[in-house]
Amino acid sequence: MKKRICLFLLCLALVLPGCRANPVAEKQLFAMDTVMNLTAWGSGGEAALEEVEKLLFSLEDQLSVTRASSLVGRLNQGQTVELTPEFAQLLAGTLELSQKTGGALEPCLYPVTKLWGFTTGEYRVPEPEEIQTALAQVGRLHLEGSTAYLDPGSQLDLGAVGKGWAGSQAVALLQARQDVTGALLNLGGNIQTYGEKPDGSAWAIGIQDPDGDGMVGVLHLTGTWAVVTSGGYQRYFTQDGVDYCHIIDPATGYPARSGLTSVTVVAEDGLTADGLSTALFVLGLEAGLDYWRENRDFAAVFITDSGEIYATPGLDLRQCSYRTVEG
Ligand code: ADP
Ligand code: MG
């Protein structure tokens, strides 16, 4: 009898996987030039990830710098564009971060990044005169209510903020559904956590070793966070023995060489995390820490060229030898 009950329970478990208390749904897609892995728990997980996938493709459609019909494409052709409230918020937030970081985050840098070939894959080291000409074309993005336009000849590239912002948009979608208890969205290394894991344990997010294949440490976090790393090792090319990375210092037009190999930013808001990871990589350790001391709406882990690791206080960073910076 006991055996029969056990067999019955086993069969039930096999035929009714959808009835488990907290089913897991998973999805992989390629969007915004990167592989994305999505995981969600809860009765609505499957349907929610379908929605998140649609959202990510539609955001890619609008943010792509290489599609003439995208929002960014139309602005880059000199059009005045009417924005939805979401895109108005994206552009306003980007302009604010640009201003607060003293221009280290420069959304209108496309004339320069294009020269280096990072958006097309046709990498090359431009001549100094070309860089000067391109730098002179870096104008301003104007936002007047829900209307946006660029200075003539200017070109927008939201590559530094798009994935982080997309993560926050996905969180808004999950929150509205109320049938997802937790989610882990890996948008090509831009991590967005949401809610709780089924077993209540913390999210464990590895920080990649910029000089190797492994991890330098693991961040433990509970709840909803954006965790974004910018690193020179993520996208670069080598010419005549010199590495050229995809993060450009807007002050020079050349790849940023600020003494850092990576910056990880943890923030409640994805746009802040993504925009700051890029900007602090340009600024370097000292200026980056000054920025943190003045703002404190995020936490960060900095890795220097010599492999030293510095973290702002309050992070639960494990399996890592690092120094906590002074407040
Ligand atoms: P990724 O998007 O590869 O995760 P980042 O978020 O750091 O990395 O963004 C880098 C991208 O942003 C570059 O590929 C380029 O398109 C653009 N970019 C490079 N330098 C800057 C900068 N200083 N300010 C704004 N955008 C930049
Ligand atoms: Mg970024």
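Order of listing sets the numbers, starting from 1, for every ligand and every atom in it. Source: prediction; values computed, not measured.
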*Asks:* For atom 7 (O) of ligand 1, which of G232, S262, S230 has the closest heavy atom?
*Replies:* S230
*Asks:* Taking the six-membered ring for Trp, are Y254 and W116 parallel (under 30°), tilted (30 to 60°) or perpendicular (over 60°)?
*Replies:* perpendicular
*Asks:* Quick one: nearest non-hydrogen protein atom to atom 27 (C) of ligand 1, plus distance?
*Replies:* A160 CB, 4.0 Å
*Asks:* Can you tell me if N76 uses its side chain to pair, donor with acceptor, with the backbone of Q155 under 3.5 Å?
*Replies:* no
*Asks:* What is the closest protein heavy atom to atom 5 (P) of ligand 1, and at what distance does it sit?
*Replies:* T278 OG1, 3.3 Å
*Asks:* Would you call K27 and E50 a salt bridge, taking side-chain N to carboxylate O under 4.0 Å as the test?
*Replies:* yes
*Asks:* Does ligand 1 have any atom sitting under 4.0 Å from a heavy atom of P250?
*Replies:* yes
*Asks:* Which value, rounded to 10°, describes the OD1(D274)-the Mg ion (ligand 2)-O(A160) angle?
*Replies:* 80°
*Asks:* May I ask you to check whether over 12 heavy atoms, not counting those of E268, lie within 6.0 Å of atom CD?
*Replies:* no
*Asks:* Test your reading of the model: is there a side-chain donor-acceptor pair from S64 to the backbone of E60, 3.5 Å cut-off?
*Replies:* no
*Asks:* Does the shortest distance from the Mg ion (ligand 2) to an N/O/S atom of T278 fall below 2.8 Å?
*Replies:* yes
*Asks:* Take the angle between the ring planes of F87 and W165 and call it parallel below 30°, perpendicular above 60°, tilted in between.
*Replies:* tilted
*Asks:* Say whether E106, considering both its backbone and side-chain N or O atoms, lies within less than 3.5 Å of an N or O atom on ligand 1.
*Replies:* yes
*Asks:* Counting each atom of ligand 1 from 1 as listed, which ones have a heavy atom of G159 under 4.0 Å away?
*Replies:* 2 (O), 6 (O), 9 (O), 11 (C), 12 (O)
*Asks:* Note the single closest protein heavy atom to atom 13 (C) of ligand 1, along with its residue, its atom name and the distance in Å.
*Replies:* H246 O, 3.4 Å
*Asks:* Counting both backbone and side chain atoms, is some N or O of P107 under 3.5 Å from an N or O of ligand 1?
*Replies:* no
*Asks:* Do any heavy atoms of A104 fall under 4.0 Å from ligand 1?
*Replies:* yes
*Asks:* Among all protein non-hydrogen atoms, which one is nearest to atom 1 (P) of ligand 1, and what is the separation to 0.1 Å?
*Replies:* K163 NZ, 3.5 Å
*Asks:* Could you give the distance from OG (S154) to CD (Q137), rounded to the nearest 0.5 Å?
*Replies:* 8.5 Å
*Asks:* Looking at atom 20 (N) of ligand 1, what's its closest protein heavy atom, distance included?
*Replies:* I248 N, 3.0 Å
*Asks:* What is the closest protein heavy atom to atom 16 (O) of ligand 1, and at what distance does it sit?
*Replies:* D157 OD2, 2.6 Å
*Asks:* If you apply the rule side-chain contact (heavy atoms from CB on, under 4.5 Å), what do you find for C320 with I207, and how did you get there?
*Replies:* CA-CA 10 Å; C320 180; I207 297 182; over 6 Å; no
*Asks:* I'd like to know if the side chain of T222 pairs up with that of E196 as donor and acceptor (distance under 3.5 Å, no hydrogens or angles considered).
*Replies:* no
*Asks:* Provide, to 0.1 Å, the distance between atom 21 (C) of ligand 1 and the closest protein heavy atom, together with that atom's residue and name.
*Replies:* L109 CD2, 3.7 Å
*Asks:* Check for me whether the distance between the ring centres of F118 and F237 falls short of 6.0 Å.
*Replies:* yes
